[in-house]
Protein chains: 2
Amino acid sequence: MTTKIAITDDHVLVLNGIKAMLANTPEIDVVGTYDNGQQTLKKINLDKPDILLLDINLPDINGIELCKTLLKQYPELKILALTNFEEISFVKRMLSNGASGYLLKNTQKTELIEALKTVLEGRQYLQDKIEKKLMNYALGRQNSETFIPKLTRREKEVLEAISEELTTQEISKKLFVSIKTVETHRMNLMSKLGAKNSVGIIKKAIDCGLLD
Amino acid sequence: MTTKIAITDDHVLVLNGIKAMLANTPEIDVVGTYDNGQQTLKKINLDKPDILLLDINLPDINGIELCKTLLKQYPELKILALTNFEEISFVKRMLSNGASGYLLKNTQKTELIEALKTVLEGRQYLQDKIEKKLMNYALGRQNSETFIPKLTRREKEVLEAISEELTTQEISKKLFVSIKTVETHRMNLMSKLGAKNSVGIIKKAIDCGLLD
DNA sequence: TAAAAATTCAGGGTATACCCTGAGGAGAGA
DNA sequence: TCTCTCCTCAGGGTATACCCTGAATTTTTA
């Protein structure tokens, strides 16, 4: 049984590099390559790959968003992030959005194939370097007390709307309440999150994982 | 529908070689051949090719300059560099001046046709060898900054300050500039990052890894 | 069931952000 | 030299965010 994989990357050289790398590996079949997010969304249901190698850095859609969207539509699909970004924040966001693994683009053939196998078995594959970073990050975080403030239902809704760059007026219309109510909620958000303004609200919210 | 191509090269045997190579390929029609830059500039508007195969090494004009000039006048034209220069600096300069691909003169017929097709579809074609060189070069400098908007030094400073929850007035004092200047930078940040307000700036900045 | 928390909203205010046009000077690069 | 980008700043305006006090109603919880 061959494993069908597809690749989304806007760099032709990367696409071809991977294809070439897998050319003489009969158990792996590259069924599709896409160079942007829209194309991926359109064509993936035709190619039906088991695994998608996904670059974060795409011209049209953020790879992290794309990951989330794809997994909603195709829960069976395994997504393996393949990128140059070493930042832990990207790793965390990819994994929390359902990615099955994270590889850097300097990956060698053997490692790529091992990653594909691991992912196919339903397990998670992280490159050594990434795993260590993640570990250190987790250990560093354990000590520092991170109290996540409890937000009410309404506050979460307002928070969400603020992060959508809506104005108070727009939020009031969206939630069917008065402007004054929205302002109250925002003030409470600032108070609870220890922020001086909406920018602070968003920063702390992202930091606490209250937003994706 | 046939694809019209033209060739600029000062070596007659190369011109003829390519023509011969494409002679029994009906979907490709060689509509013009030029042996220097001036001639190319003069005659290309008459021949109206879809793709131009362009040598870098021309007697009168530098092929890289010619590429830039041609694309200013004919933005629809696809230019495929065809040369013996393997140096990455040439490749980069051609591509950054808008060339759609880069072939060495040892190209075989099938590869040439594939390159032409790829370019015609609006994608980029690079010969394997060139691709690998570029890949190594790219890996050497992990600067994946394709979709990350380029911010100026001042814009980065203002961005940083905004993320510190400072007001415009506070930022102006911190950076020793007027309030109006800070506002200008913030507007430019919104524009560059596609944000509707400061919240959007921060979100996109975090998203792009410009912060933290 | 009483207390606490959450949701709603008002009046009234100041500070700030947002948005436009326009423009001079400095520096880099062709 | 000319062009382009960046940095700087102004006038003048509207919209919005921020901040206070106070309070009625509903919902949750102890």
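Reminder, nothing fancy here: chain letters follow the sequence lines and each chain counts from 1. Worth knowing before you read on, the calculation uses all heavy atoms, side chains too, and leaves out hydrogens, waters and symmetry mates.
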So, does B/Thr152 get its side chain near the phosphate of D/dT5, meaning an N or O under 4.0 Å from OP1 or OP2? no

Across the strands shown, which category fits B/Thr181 at heavy-atom distances under 4.0 angstrom: base, sugar-phosphate, nothing? base

Would a 4.5 Å heavy-atom cut-off, applied to side chains only, mark A/Tyr102 and A/Leu80 as touching? no

N/O-N/O pairs, protein side and nucleotides 26-30 of chain D side, under 3.5 Å:
none

Among residues at least two apart in sequence or on other chains, which ones pass side-chain contact (heavy atoms from CB on, under 4.5 Å) with B/Thr152? B/Arg154, B/Glu155, B/Lys192

Can you check whether A/His185 has a side-chain N or O nearer than 4.0 Å to OP1 or OP2 of C/dA6? no

Taking atom CD of A/Glu76 as the centre, does the number of heavy atoms from other residues, nucleotides or ligands within less than 6.0 Å exceed 12? no

Distance in Å, A/Leu52 CG paired with A/Thr8 OG1, rounded so as to fall on 0.5 Å steps: 4.5 Å

Just verifying a value: how many Å separate A/Ile56 CD1 and A/Asp9 CG, rounded to the nearest 0.5 Å? 11.0 Å

Starting at the 5' end of DNA chain D and moving along, which residue's nearest nucleotide shows up first, B/Glu155 or B/Ile179? B/Glu155

So do the side chains of B/Ser163 and B/Ile202 get within less than 4.5 Å of each other, counting heavy atoms only? yes

In Å, rounded to the nearest 0.5 Å, how long is the span from CD1 of B/Ile201 to CD1 of B/Ile206? 12.0 Å

May I have the distance from A/Asn188 (atom CG) to C/dC9 (atom P), rounded to whole angstrom? 14 Å

Please assess B/Thr181 against B/Leu175 for the test side chain to side chain contact (heavy atoms under 4.5 Å, CB included), listing each intermediate value before the final yes or no. CA-CA 10 Å; B/Thr181 302; B/Leu175 299 183; over 6 Å; no

Rounded interatomic separation in angstrom, taking NZ from A/Lys156 and C1' from C/dT7: 16 Å

Any pair counted as salt bridge (Lys or Arg N to Asp or Glu O under 4.0 Å), so long as it reaches residues 169-178 of chain B, sequence neighbours left out: B/Glu164-B/Lys174

For nucleotides 12-30 of chain C, just jot down a letter per nucleotide in 5' to 3' order: B, S or -, based on protein non-hydrogen atoms under 4.0 Å. B---SSBB-----------

Going by side-chain contact (heavy atoms from CB on, under 4.5 Å), name the residues that satisfy it together with A/Ser172, two or more places apart in sequence or in a different chain. A/Ile179, A/Val182

Is the distance from OP1 or OP2 of D/dT8 to the nearest side-chain N or O of B/Arg154 less than 4.0 Å? yes

C/dA4 C1' sits how many Å from A/Lys150 NZ, rounded? 14 Å

Output the rounded distance in Å from CG (A/Leu175) to P (C/dT8). 8 Å

Heavy-atom closest pair, residues B/Ala99 and B/Leu71: N-CD1, 4.2 Å

Could you work out how much the helix from C/dT1-D/dA30 to C/dA30-D/dT1 bends, comparing the axis of its first five pairs with that of its last five, to 10°? 70°

